[in-house]
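Worksheet: the structure to be examined is printed underneath.
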Amino acid sequence: MVVIKLYLLMDVHREILTGCIKGESSAQKKLFDSYSRMMLGVCNRYATCIEEAEDIMQEGFVKIFLNVKEFKGEGSLVAWMRRIMINTAITHYHKMRKHRYHDDLDEVRETKFEDHQWEESEFTKEELYNVIQRMPDGYRMVFNLYAVEGYKHREIAEILEIDENTSKSQYSRARRWLQERLIKIKESEYRG
Amino acid sequence: MSDHQNMEDLFRSKLGDAEITPSEGAWKGVLQKLRIKQFLRFDAGRFNIWYMGALLVAGAAAVTLLNSSPSVLAEEEQREIPVTEELQETDRVSDTRVEEKGEPLARPEISESGKPGKESENKQKKIIEPVNRTEEPAEPEESIITADRKEEKQESSLGAQEPSPDRTVLPRFTASVTEGCAPLKVVFVNSSVNSIAQTWSFGTGEGSEELNPVYLYEEAGVYAVSMKASGADGQTGKTHQVIRVHPSPVANLEMGEGFENLDGAKSMELMNYSAGGFSSSWDMLSADGTQVGGWSSNEFQPTLSNNEISEDAHMIRMVVLNEYGCTDTALAEITSMKAEERTLTFPTVFSANRTGPTGGHYSQHELRIDVFHPHFSEEPAEYQMKIYSKMGDLIFETRDILQGWDGYYQQDRTAGGVYLWVCSGKWQNGTTFRLKGDVTLLWIDRR
């Protein structure tokens with residue numbers, strides 16, 4: 001059953017893809033309608049607010065439409081689109097870096113870090129989005145790329161144009177920062 | 001515990017595939033941004049060309065004015081060169097900005113004398129260049145034009161007077177289309193100035209001497225079309241254009257073997273023997289070629305079942321598309337499938353059994369001759385059959401196709417003779433039917 005579903009999905013993609021290559025706006029809209037929710041979900045992790053996330057998402061789709069000819073069909077279309085979204089988010093981050101004030105460093109007490117274990121039900125999607133959006137930009141980028149996207153530090157270093165060691169230290173700081181925040185949220189909830 | 005996760009897992013599981021509905025105006029925003037990007041990509045070049053074109057015209061006007069006094073021609077010419085050189089350089093720069101190439105073209109030309117003829121040629125080249133961006137063979141073009149210019153220069157240095165700009169041959173032509181799918185028909189329109197004859201070479205080894213030839217490129221490829229225009233005094237000028245013909249796929253389809261589905265419906269596989277395609281789209285056409293709704297597919301080799309074929313479907317159409325956007329179409333008539341049409345036939349005589357009413361039920365594997373029932377190839381979605389006496393009384397009625405009439409009416413034998421039957425219903429694909437006829441009932445003894 002799953003095989004058949006995939007096959008059908010590929011064909012739906014192929015039709016939309018062909019239309020997008022030709023620049024047909026009906027095909028473009030179909031692609032957008034099918035995947036904008038997922039893509040916005042991705043962008044929201046990289047942005048500081050939903051409006052910025054939507055901006056990034058729109059730019060990402062423009063890139064997708066202008067470069068759809070480059071998609072050679074290796075791997076899934078969705079994965080390709082996601083990569084473009086993430087690239088757009090990173091470009092956006094690079095631009096913003098110059099304008100936004102950064103206090104990436106030393107926001108966190110240097111205590112012994114014990115990895116807290118969480119239950120999935122402890123936090124809502126919205127709470128997690130909120131936390132990640134409040135993270136210092138540098139931490140957020142590294143955390144997303146490492147923990148959610150699954151890139152290695154060497155790759156992250158290339159993407160963000162930083163040193164590999166910087167990526168590693170940013171990441172461990174990001175975790176500490178997150179853990180503190182998550183604990184705080186739990187505590188305030190508990191207190192009612 | 002399986003519940004507990006570390007932070008990475010928490011974020012990955014909760015946010016990794018999270019979906020958020022965008023705002024109302026999100027799509028519009030995408031379109032706006034897309035249009036801006038597209039405008040910046042393509043029109044930056046064109047915008048500069050109009051601007052440079054305007055400068056050129058101004059330059060040409062200045063040159064014409066200066067040329068009107070013959071005595072100071074030689075000197076004037078020298079003075080002209082820097083002006084036009086500048087223009088040309090800037091032309092080249094704008095072209096460069098458009099396509100990041102074109103520098104090699106610039107140098108040799110700047111050293112040549114600046115003449116209105118050359119400027120117009122440049123203009124023509126500029127119009128062509130954005131169309132065929134990177135693949136134009138820059139080198140041969142230079143040599144062609146340089147040669148012409150040398151010709152012009154020699155001629156002009158022979159006499160004390162320059163040939164006036166009016167009689168210089170300016171070779172120029174436009175192609176109706178410079179890129180397309182094979183087979184590609186191209187109409188070449190000669191817009192040369194001061195030419196009385198022309199020789200064309202289409203890049204395939206074939207040529208023509210017509211004014212505006214039409215050529216059909218059958219094979220895919222990149223062709224350099226050149227035209228040499230000849231003037232009244234023996235002058236010639238040559239120019240060229242690249243025509244890109246993309247390969248078209250070849251569509252080929254065959255109807256495969258029919259088979260029966262689990263639910264009894266008949267299906268057929270459509271075999272795709274196309275070449276060079278990247279995606280196929282299938283649909284059905286009526287006898288007059290218009291698209292018929294109800295079935296379409298984007299699968300490579302779809303299966304088509306009987307009940308997806310509507311009444312007015314006459315042909316199956318398959319369109320194959322390749323990565324260049326070229327298509328080819330194949331058609332197949334649906335007769336073979338339709339031949340196995342739904343039929344419902346009733347006997348005209350039947351012999352009921354004296355022994356007693358049977359209820360009239362039968363099965364397709366156990367047909368009963370003592371029951372009046374239809375023979376059918378496909379079970380309809382809806383069915384109703386009524387039997388009337390000659391007087392018009394309703395004797396029997398059923399909505400079950402597997403129930404026929406055993407000749408009895410409320411446990412009593414009806415009289416032998418002619419009865420009328422009416423049968424109506426709907427097939428699986430939605431078409432309705434209504435049949436009627438008569439049947440003669442005979443009573444016989446069967447033991």
Side-chain angles (χ1 to χ4, degrees), chain A residues 7-8 10-12 14-15 17-18 21-23 25 28-29 32-33 36-45 50-51 53-55 57-63 65-66 69 73 115-125 127-129 131-132 143-144 146-150 175 178-179 182, chain B residues 1-42 181 246 249 272 277-283 296-303 319-327:
Chain A
Y7 185 50
L8 287 172
M10 272 163 59
D11 288 316
V12 168
R14 217 179 270 172
E15 185 191 338
L17 193 61
T18 318
I21 289 177
K22 291 200 238 173
S25 65
Q28 290 173 338
K29 176 128 208 306
F32 180 82
D33 288 339
S36 53
R37 282 181 304 283
M38 184 197 290
M39 295 302 143
L40 188 55
V42 171
C43 295
N44 207 29
R45 277 190 279 118
I50 185 71
E51 288 81 8
E54 210 170 273
D55 239 357
M57 188 260 293
Q58 288 177 343
E59 279 185 39
F61 268 103
V62 170
K63 272 210 198 128
F65 294 144
L66 291 176
K69 281 196 180 79
D115 215 351
H116 195 113
Q117 291 292 304
W118 308 96
E119 275 182 45
E120 208 189 315
S121 51
E122 276 186 80
F123 297 97
T124 63
K125 210 171 69 173
E127 281 174 323
L128 293 181
Y129 267 123
V131 169
I132 217 174
F143 185 80
N144 266 313
Y146 190 86
V148 187
E149 259 51 89
R175 297 184 86 241
L178 267 178
Q179 176 146 299
L182 292 176
Chain B
M1 276 205 271
S2 53
D3 272 330
H4 284 91
Q5 312 176 312
N6 62 22
M7 205 147 44
E8 284 77 7
D9 295 331
L10 177 68
F11 277 89
R12 217 187 352 252
S13 63
K14 267 277 165 36
L15 300 188
D17 290 312
E19 297 201 340
I20 303 176
T21 309
S23 68
E24 286 277 311
W27 172 241
K28 266 211 198 110
V30 173
L31 278 182
Q32 266 175 3
K33 289 185 162 101
L34 183 61
R35 277 181 196 137
I36 293 171
K37 273 270 166 73
Q38 284 174 327
F39 175 76
L40 287 175
R41 260 195 182 191
F42 297 116
C181 299
H246 298 305
N272 187 343
F278 148 97
S279 75
S280 324
S281 64
W282 303 73
D283 61 5
S296 68
S297 170
N298 286 307
E299 285 179 45
F300 178 64
Q301 289 188 149
T303 3
V319 178
V320 177
L321 174 82
N322 71 5
E323 64 266 40
Y324 298 104
C326 301
T327 62

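Each chain gets a letter, A, B and so on, in the order its sequence line appears, and its residues count up from 1. Everything numeric in this text was worked out from a predicted model, so none of it was measured.
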(request) Over 60° means perpendicular and under 30° means parallel, so classify the ring planes of A:F32 and B:W27, tilted if in between. (result) tilted
(message) Please give me the minimum heavy-atom distance between B:Q5 and B:L10, naming the atom from each residue.
(response) OE1-CA, 3.3 Å
(message) Please classify the contact between A:K69 and chain B as side chain, backbone, both or neither, with a heavy-atom cut-off of under 4.5 Å.
(response) neither
(request) Work out which heavy atom in A:R37 is nearest to a heavy atom in A:D33; give both atom names and the distance. (result) NH1-O, 3.6 Å
(request) Could you tell me which portion of A:E59 (side chain, backbone, both or neither) has an atom closer than 4.5 angstrom to a non-hydrogen atom of chain B? (result) both
(message) Between A:L66, A:T18, A:I21, who has the most heavy-atom pairs with chain B when the cutoff is under 4.5 Å?
(response) A:L66
(message) If we ignore hydrogens and angles and just use 3.5 Å, is the side chain of B:Q301 paired with the main-chain N or O of B:N272 as donor and acceptor?
(response) yes
(message) Which heavy atom of B:E8 sits nearest to which heavy atom of A:A147, and what is that distance?
(response) CG-CB, 3.5 Å
(request) Please look at B:L321 and chain A and tell me whether the side chain, the backbone, both or neither of the residue comes under 4.5 angstrom of a heavy atom of that chain. (result) side chain
(request) For chain A, find which of B:L31, B:D17, B:L15 contributes the most heavy-atom pairs closer than 4.5 angstrom. (result) B:L15
(message) What part of B:S279 gets within 4.5 angstrom of chain A, counting heavy atoms only: side chain, backbone, both, or neither?
(response) both
(message) Within the structure provided, determine whether A:M57 and A:S36 are in side-chain contact (heavy-atom separation under 4.5 Å).
(response) yes
(request) Quick one: do A:I132 and A:N44 satisfy side chain to side chain contact (heavy atoms under 4.5 Å, CB included)? Show the steps, please. (result) CA-CA 9 Å; A:I132 217 174; A:N44 207 29; over 6 Å; no
(request) Just give me the residue among A:M38, A:K22, A:K29 that pairs up with chain B most often, heavy atom to heavy atom, under 4.5 Å. (result) A:K29
(message) With a 4.5 angstrom heavy-atom cut-off, is it the side chain or the backbone of A:M39 that approaches chain B, or both, or neither?
(response) neither
(message) Less than 4.5 Å to any heavy atom of chain B: does that hold for the side chain of A:K125, its backbone, both, or neither?
(response) both
(message) For the backbone of A:R45 and the side chain of A:N144, can you confirm whether one donor and one acceptor N or O come within less than 3.5 Å of each other?
(response) yes
(message) Under 4.5 Å from any heavy atom of chain B, what part of A:F123 do you find: side chain, backbone, both or neither?
(response) both
(message) Under a 4.5 Å cutoff for heavy-atom pairs, which residue among B:A26, B:G16, B:G325 has the most contacts with chain A?
(response) B:A26
(request) Answer with side chain, backbone, both or neither: which region of A:E122 has an atom nearer than 4.5 Å to a non-hydrogen atom of chain B? (result) neither
(request) Would you mind checking which part of B:S23 comes under 4.5 Å of any heavy atom in chain A, side chain (CB onward), backbone (N, CA, C, O), both or neither? (result) both
(request) Could you label the plane-to-plane angle of the A:F65 and A:F61 rings as parallel, tilted or perpendicular, counting under 30° as parallel and over 60° as perpendicular? (result) tilted
